[in-house]
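The block underneath contains the structure these notes are about, expressed in structure tokens.
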Amino acid sequence: MLHHLSLVYLYNMSNKVAVGKSLGKIILLGEHSVVYGEPAIAIPFPSAEITTTITESDSVSLKCFNYDGQLADAPEVLLGLKTVIEKTFDEINQPLENVAINIESTIPAERGMGSSAAVANATVRAIYNYFNMQLSEQTLLKLVDISEKIVHGNPSGLDASIVVKERPLYYIKGQDFEQFSFSMDAYLIVADTGEKGNTKFAVSEVRKKYDSDDKYKQYVAQLGTLVNNAREVFIEKNPVKLGTIMNEAQSYLSALGVSNATIDNLVFTSLLHGALGAKLTGGGLGGCMIALVQDETVAKRVSEALITAGAHDTWVMKMESKGEI
Ligand code: MEV
């Protein structure tokens, strides 16, 4: 499959300009356990959008989150992005020169919504568009994965897959992706704790636990079982059962040490105000949490309660798969 979707290629005055876009992602279930070969369910998150714009320039510069300078001087935290830019230019046999790369995001960085994978995805697409070259899904995945390995250490590949595919996925590391429908009569609230998560750190902490005690291996296996139970619930379209599964998943994620007091407080607040289930999403230890609610009225009430309880932002989306299955 070739990507033409995000192709925007224009001439601005005499300068060449190209744009690449990416959506973020929400992991509904299976974060962390997916690293150990268990399944996960993730959906694209349209409220989180990354746009990379490339313009002709007399040097190679990068403007991204808090950095504005030469690509060569980019800080360590941007190493994944810097590397993916270099590798993409290598891939298309172009010298890395005379480009200004500007990345804008509707979401803050490190909130567990896939911003590192999304930034890489948008940027690779923009570079291909700049040179008017066709980009296969396979090459895009390979390039985004290079960045993810640097940013996250040993990623499952889930974040890269979801931002590249832009489809709800049932995902098992190393296996073919399975697209599915997550439509059901319910709403999902996403809340930003306002705290930066650190996926690399969270993944390495879980690894230490997993290697040290069999009980953690059992928690990981239980998380996998919950994902498979949820898959049946999506066929049944039963939000109440899905909420219960989310609550159980949150207990195991807490037992693995990736929740924290801020997330716990927002989970508690959601349930108190009528959510069917609530849990962290993504790497945890900050970042975002999600809550499932039955209807728009409860969604509004829970969103307001989350903001009062300290959430920096909330987004509400209908549980609706668009254009597939
Ligand atoms: C991070 O968005 C998801 C994790 O499961 C890590 C991974 O899948 O590589 C925590």
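Note that the coordinates shown come from a computational prediction; the quantities given were computed from them, not determined experimentally. Order of listing sets the numbers, starting from 1, for every ligand and every atom in it.
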In ligand 1, the atoms that come under 4.0 Å of a heavy atom of Lys25 are 2 (O)

Looking at ligand 1, would His152 count as a contact under a 4.0 Å heavy-atom criterion? no

Does CD belonging to Glu97 count more than 12 external heavy atoms closer than 6.0 Å? yes

Is the distance between the ring centroids of Phe89 and Phe131 under 6.0 Å? yes

Supply the atom-to-atom distance Leu29 CG to Thr281 OG1, rounded to the nearest 0.5 angstrom. 9.0 Å

For His32, the atoms of ligand 1 under 4.0 Å from one of its heavy atoms are 4 (C), 5 (O), 10 (C)

Check for me whether Glu148 has a heavy atom closer than 4.0 Å to any atom of ligand 1. no

Within ligand 1, which atoms have a heavy atom of Val35 less than 4.0 Å away? 6 (C), 7 (C), 8 (O), 9 (O)

Distance under 4.0 Å to a non-hydrogen atom of Pro155: what atoms of ligand 1 satisfy this? 9 (O)

Gln250 side chain vs Leu280 backbone, donor-acceptor pair below 3.5 Å: yes

Give yes or no for whether the N/O distance cutoff of 3.5 Å, strictly under, is met between Asp159 and ligand 1. yes

Heteroatom distance test (Glu31, ligand 1): nitrogen or oxygen, under 3.5 angstrom: no

Do Ser136 and Thr139 get their side chains close enough for a donor-acceptor pair, meaning under 3.5 Å? yes

CA sep, side-chain torsions, deciding dist, call: Tyr67, Leu62, side chain to side chain contact (heavy atoms under 4.5 Å, CB included): CA-CA 7 Å; Tyr67 182 72; Leu62 175 67; 4.3 Å; yes

Would Lys209 and Asp213 pass as an ion pair if we require N to O under 4.0 Å? no

Within ligand 1, which atoms have a heavy atom of Val34 less than 4.0 Å away? 5 (O), 8 (O)

I'd like the name of whichever of Ala42, Ser156, Gly153 reaches closest to atom 8 (O) of ligand 1 through any heavy atom. Ser156

Among Leu158, Ile27, Asn154, which one has a heavy atom closest to atom 3 (C) of ligand 1? Ile27

Do Lys25's NZ or CZ and the ring of Phe45 fall within the cation-pi criteria of under 6.0 Å and 45°? no

The atoms of ligand 1 lying under 4.0 Å from a heavy atom of Thr199, numbered in the order shown, are 1 (C)

